[in-house]
**Q** 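Sending over a structure as structure tokens; questions will come in a sec.
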Amino acid sequence: MARFETALARLEGTESAVAFASGMAALSACLLARGAQGLRHVVAVRPLYGCSDHLLDAGLLGTEVTWVDPAGIAAAIRPDTGLVMVETPANPTLAEVDLRAVARSCGTVPLLADNTFATPVLQRPAERGASAVLHSATKYLGGHGDVMGGVVACDEEFARALRQVRFATGGVLHPLAGYLLLRGLSTLPVRMRAASATAAELARRLAADPRVARVHYPRIGGAMVAFETHGDPHAVIAGVRLITPAVSLGSVDTLIQHPASISHRIVAEGDRHSSGIGDRLLRMSVGLEDVEDVWRDLDQALDGGPAGRGAHRARPAAHGDVPAGVSASAAAGGPVPVPGPGGR
Ligand SMILES: *Cc1c(COP(=O)(O)O)cnc(C)c1O
């Protein structure tokens, strides 16, 4: 675990890092550590990962949240504000915030940036003024959908407070998970680059496709693509064959899910809509399969799956009829479901 923490701190460019049993345990520790100092107020920007939104909104850990747009951060800060929290690119809309500008509006209040989607390969929030960088290590850091963990990269002073909470509340990373996460880091840049190249190409094709109303793909890139369909988004999910309908993300296999009914179901409908999470939005975590294989599957799913094949438009296959390849993990039986209480 210590070696994973040291490696992650170096990747994020921070003094220290503290690992936890999950991303949610890591966020809980941040809130508890600040709350213990009497700083229970949090200013946060939507959208956030569904459970992060819920944890803040429900005040389960004694925190009180003020939801704002990035432009409203400075005005929302109070004497008891302990944290400003943003996620960029955000789950699930991939909306980006300007971290430098946000950090400036925080003044002396620490800025916590969830960097799960970008990873330090694409973005290092501490260089842009974030005081603490949060990861669900369950996602890209582990990278194979078979380990749960979380980590906060920060200065040593905040790290000490986080370790104290971790010690007292039991959100400790399992040693085997620490081993798997450290091993995952050694392939992180290669996985991120490969999956991002595929995701960027899929985003380009989706954006040019008349069956798709809108595509969300971050300027900084990454392996997540979100898109809105003209038709029933559930029909697309029902139609995929190679892509796995599943929550979580950041694994070697391409996963697709419907945020409004799965990962962000716990967020109230009005709050979902006002933060851009529409009912036709689909979120796709692009894996390491060949881009042509994923596209072929998406293409037929957008036509309504195998049942809708009669309506399938003729398309020139980029590489003829030769299957472009199957990912090693699909050949080994597909993704391993990540255990957990709810949608990730
Ligand atoms: C999954 C996720 C979390 C929560 O992490 P767990 O490891 O599943 O507890 C937090 N933030 C983001 C952006 C996530 O995608």
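Whatever order the structure lists them in is the order used to number ligands and atoms, beginning at 1.
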**Q** With a cut-off of 4.0 Å, which atoms of ligand 1 are near a heavy atom of D114?
**A**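 By the 4.0 Å cutoff, the relevant atoms are 10 (C), 11 (N), 12 (C), 13 (C).
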**Q** Answer yes if the side chains of W67 and D57 hold a donor-acceptor pair under 3.5 Å, and no otherwise.
**A**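 Present: a donor and an acceptor within the cut-off.
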**Q** Is any NZ, NE, NH1 or NH2 atom of the basic residue among R166 and E5 found under 4.0 Å from an Asp or Glu carboxylate oxygen of the other?
**A**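 So R166 pairs with E5 through a salt bridge.
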**Q** Indicate yes or no: does D98 engage R128 in a salt bridge with an N to O separation below 4.0 Å.
**A**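 A salt bridge is absent here (no side-chain N lies under 4.0 Å from a carboxylate O).
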**Q** For ligand 1, which is the ligand I care about here, please tell me if G23 has any N or O atom under 3.5 Å from one of the ligand's N or O atoms.
**A**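 Right, the criterion is met.
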**Q** Would you say the side chains of S52 and E87 form a donor-acceptor pair under 3.5 Å?
**A**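 No - no donor-acceptor pair under 3.5 Å links their side chains.
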**Q** Given that the side chain starts at C-beta and the backbone is N, CA, C, O, which of these parts of K139 lies under 4.0 Å from ligand 1, counting heavy atoms, or is it both or neither?
**A**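 For K139, the contact with ligand 1 is made by the side chain alone.
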**Q** With heavy-atom distances below 4.5 Å as the criterion, would you say the side chains of S285 and Y140 are in contact?
**A**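 Result yes, sub-4.5 Å side-chain heavy-atom pair found.
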**Q** Under 4.0 Å from any heavy atom of N91, which atoms of ligand 1 are there?
**A**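 So the answer, numbered in order with elements, is 14 (C), 15 (O).
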**Q** Carefully, step by step, assess L134 and F20 under the rule side chain to side chain contact (heavy atoms under 4.5 Å, CB included).
**A** CA-CA 11 Å; L134 181 111; F20 293 88; over 6 Å; no
**Q** Near S22, which atoms of ligand 1 are under 4.0 Å from a heavy atom of that residue?
**A**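 This gives 7 (O), 9 (O) as the contact atoms.
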**Q** Going by the order shown, which atoms of ligand 1 are within less than 4.0 Å of some heavy atom of F117?
**A**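 The atoms of ligand 1 under 4.0 Å from a heavy atom of F117 are 15 (O).
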**Q** Using a plain distance cutoff, I'd like to know if L134 has any nitrogen or oxygen under 3.5 Å from a nitrogen or oxygen of ligand 1.
**A**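 No.
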**Q** Out of curiosity, is E87 lining ligand 1, as in a heavy atom under 4.0 Å away?
**A**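 Flag set, E87 near ligand 1.
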**Q** Between the side chains of R205 and E201, is the shortest nitrogen-to-carboxylate-oxygen separation below 4.0 Å, so that they form an ion pair?
**A**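 A salt bridge links E201 with R205.
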**Q** Decide whether the shortest distance between a heavy atom of G149 and an atom of ligand 1 is less than 4.0 Å.
**A**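 Right, G149 reaches ligand 1.
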**Q** Counting both backbone and side chain atoms, is some N or O of T138 under 3.5 Å from an N or O of ligand 1?
**A**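 So ligand 1 has an N or O lying under 3.5 Å from an N or O of T138.
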